[in-house]
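This report refers to the structure that appears directly beneath it.
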Amino acid sequence: MTVNVTLPSGRTVNIATKYGANHFINEGGPENRPCTFVSQNIGPVKQACDRIYQRRGRNPTDQEVNDIGLLYTMASELAENADYKVFDEIPVNEIQMYMEHVLVEIGRMTEANSNWVRTGTLIHYHEQLLIGGLIGLVMHRIPAKLALEMDLFGTLAKFASAPSTMEEDAAETITMIVANVVISTQVHKEGLPTMAKVFAKLESCGMLAQFIRLSVVSPMSERGILKCYDDLRDCTSLIEKKFTEDQPCGKACKEILSRPIFHRHPVAGKLRMIASYTSWVEKQADSPKEMRDGNKLCRKCNKMEHSTEFQKNLLKCSRCKSAFYCSRECQVADWKAHKPFCKAVSSKATKVMRFNEQTIYGFVENNYFSILKEIVKVLIETGKSKGDLLLELDFYDSSKNGRGAPALQTPPQFKVAVSKGYFEGSRPNEPDWFYKNVDRTCYNANIPMFVKSMKDLYNRLTDVHLFVLARPPDNQGFGVYRIQLQSPIKKNHMFSQDTIDAATKAIQDGNFGPISSLFGVGTDDDRRVRMALGGGLA
């Protein structure tokens, strides 16, 4: 694309290139003054826009399109191509003048553009330029800051909610604007609010719910949009408060996940992870604070009590924040074994770890009967006991087409295998997502720690636990977990050997007495387990 603009010196540059955009900003002002392309062109643009909306048909003339398109194209191309530092040299009042105009025009399009409200389609070229140009603009520090301060996203939320349906290009444009302002806060940081505050602002003005709704309009999603969901995952406090079923974001999430047409959409996988987390949090809401992260146990002696007092008094490793002890003596005695795995973590990393663990708990709880059935199947095939097995989950979307992580697809994919096959001998059960056949150097550097972690947790398993290995959504390493669940009514351990034996009798012999007694005869859980296991292993 070529967009030639003449500088005051008489030289012509193509601002659709980095060289041309940078030179225009540096030399485009009259008499060597700063670039003032907005103030020089805004007058005719405002007049043209006024004339269009004063006419009943509102179809722009060719001259009006030219007058408006010149400014919009210049703003878009400079934002798209200029270096960040060079773009920052444009006077703030110039950018503010442009953003004020954008706010006015989006408001007009929301209230007076009947075609937009009816079809969700931007039919006029100047409207497409105006909205599309914001994608590049908010990637720069000053426009991003002004967009947040001037409530651009509140105006954009009203604009997005006006039509009941929206065509793909418009939906993708709006979602990319949101994704890019989130990225901008991480790229520039100085003078911009934190990512958590940006998401909070987007939620409060209604834009986050619209972002969720529109992010599935296109069959595929831009990487920036998917990354936005990954960033949102770090904002656990916001998710806990604003993604419940009675909140706009929670409603938008539920609506998408309830529709089969979106089951294989890459965004659905991101939303399933958030929904899994919020589901677990909501179920723990009535529990004391100390009990909400599951029932923790002493890393050294495996002592565990369900009482609030015990959970509250557990000592937590101040360095890694993931190991717990029932006494100082246990903590000291375990240090030699714990030291190789004890790494200092930031507050953000702690939140991510909590999100990952709660998501896994939610996944296991939501898919319990399918997992139980697969455990019984593998036990019958291998002749092993429940304590010898491991559940492998992959929450990372490695597909080139963005079809979602295996564990978050419909139906979810998971693997039950013999755990020692992951850390003994030739390790035949090593997951495909290890880098053995991709990056041998990375593989050799990390496999010793993986083997140590697996052995360490395996040796600390109790009868009530399920051994879980999971790849997190950000593909940063791996996580090993001891998961335990209790039946809601009878409070029996759902992964104990007794429960597995009872499930085996139900599947092999059709004898549901033992499993029914564990879940409560005649209860909803009893009915669900009968439905899940009644068909055998087929």
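Side chains are part of it too, since the values below use all heavy atoms of this structure and drop only hydrogens, waters and symmetry mates.
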Applying ring pair (Phe, Tyr, Trp, His ring centres under 6.0 Å) to Phe450 and Phe478, what does each step give before you reach the verdict? CA-CA 8 Å; Phe450 169 78; Phe478 62 91; 5.0 Å; yes
Evaluate the side-chain proximity of [Y] to [X]: yes if any heavy-atom separation is below 4.5 Å, no if none is.
X      : Y      : answer
Glu167 : Val217 : no
Ile371 : Phe363 : yes
Leu469 : Leu391 : no
Phe395 : Leu393 : yes
Met273 : Pro473 : yes
Phe211 : Leu202 : no
Val198 : Leu148 : yes
Leu390 : Val416 : no

Locate the shortest heavy-atom distance separating Asp394 from Ala405; write the atom from each residue and the value.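 It is O-CB, 3.7 Å.
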Please name the pair of heavy atoms, one in Cys253 and one in Ala275, separated by the smallest distance, quoted to 0.1 Å.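 Where Cys253 meets Ala275 most closely, the heavy atoms are SG-CB, 4.4 Å.
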Tell me if a side-chain donor or acceptor on [X] pairs with a main-chain N or O of [Y] at a distance below 3.5 Å.
X      : Y      : result
His265 : Val267 : yes
Arg213 : Leu208 : no
Asn429 : Val418 : yes
Thr185 : Thr194 : no
Asp151 : Gly154 : yes
Gln409 : Arg264 : no
Tyr368 : Met494 : yes
Thr278 : Ile274 : yes
Lys386 : Asp463 : yes
Glu203 : Lys242 : no

According to the interplanar angle, ranging from 0 to 90°, do the rings of [X] and [Y] count as parallel (below 30°), tilted (30 to 60°) or perpendicular (above 60°)?
X      : Y      : result
Phe159 : Trp116 : parallel
Phe467 : Tyr458 : tilted
Phe369 : Phe519 : tilted

When rounded to the nearest 0.5 angstrom, what distance separates [atom1] in [X] from [atom2] in [Y]?
X      : Y      : atom1 : atom2 : answer
Lys197 : Ser204 : NZ    : OG    : 13.0 Å
Gln486 : Ser496 : CD    : OG    : 10.5 Å
Leu134 : Ile177 : CG    : CD1   : 4.5 Å
Cys235 : Phe199 : SG    : CZ    : 5.5 Å
Cys228 : Ile183 : SG    : CD1   : 7.5 Å

For a quick check under 3.5 Å, do Asp246 and Thr244 share a side-chain donor-acceptor pair by atom type?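 Looking only at side-chain atoms, Thr244 and Asp246 do form a donor-acceptor pair, the distance falling under 3.5 Å.
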Between [X] and [Y], does any side-chain N to carboxylate O distance fall below 4.0 Å?
X      : Y      : result
Asp230 : Lys227 : no
Asp456 : Arg299 : yes
Arg530 : Asp526 : yes
Glu309 : Lys312 : no

side-chain contact (heavy atoms from CB on, under 4.5 Å) partner of Tyr325, chosen from Asp334, Leu297, Leu314, Val332: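 Answer after filtering Asp334, Leu297, Leu314, Val332: Asp334.
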Around atom NZ of Lys384, are there more than 12 heavy atoms of other residues, nucleotides or ligands at under 6.0 Å?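 12 or below, so no.
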Counting only heavy atoms from other residues, nucleotides and ligands, does the tally under 6.0 Å from NZ of Lys254 exceed 12?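 At most 12 heavy atoms, drawn from other residues, nucleotides or ligands, come within 6.0 Å of this atom.
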Run the numbers on Tyr277 and Arg233 for side chain to side chain contact (heavy atoms under 4.5 Å, CB included), then give the verdict. CA-CA 10 Å; Tyr277 175 75; Arg233 180 174 53 89; over 6 Å; no
Residues Arg460, Arg482; criterion side chain to side chain contact (heavy atoms under 4.5 Å, CB included); working and verdict: CA-CA 9 Å; Arg460 293 187 289 110; Arg482 293 182 292 178; 3.1 Å; yes
Would you sort out whether Ser487 and Leu518 count as a side chain to side chain contact (heavy atoms under 4.5 Å, CB included), showing the intermediate values? CA-CA 8 Å; Ser487 57; Leu518 289 172; over 6 Å; no
Does the ring of Phe324 carry Lys316 above it, NZ/CZ under 6.0 angstrom from centre and within 45° of its axis?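 Because its charged atom misses either the 6.0 Å distance or the 45° angle limit, Lys316 does not stack over Phe324.
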For the pair Tyr361 and Ser276, evaluate side chain to side chain contact (heavy atoms under 4.5 Å, CB included) and give the outcome as yes or no after the intermediate values. CA-CA 8 Å; Tyr361 261 101; Ser276 180; over 6 Å; no
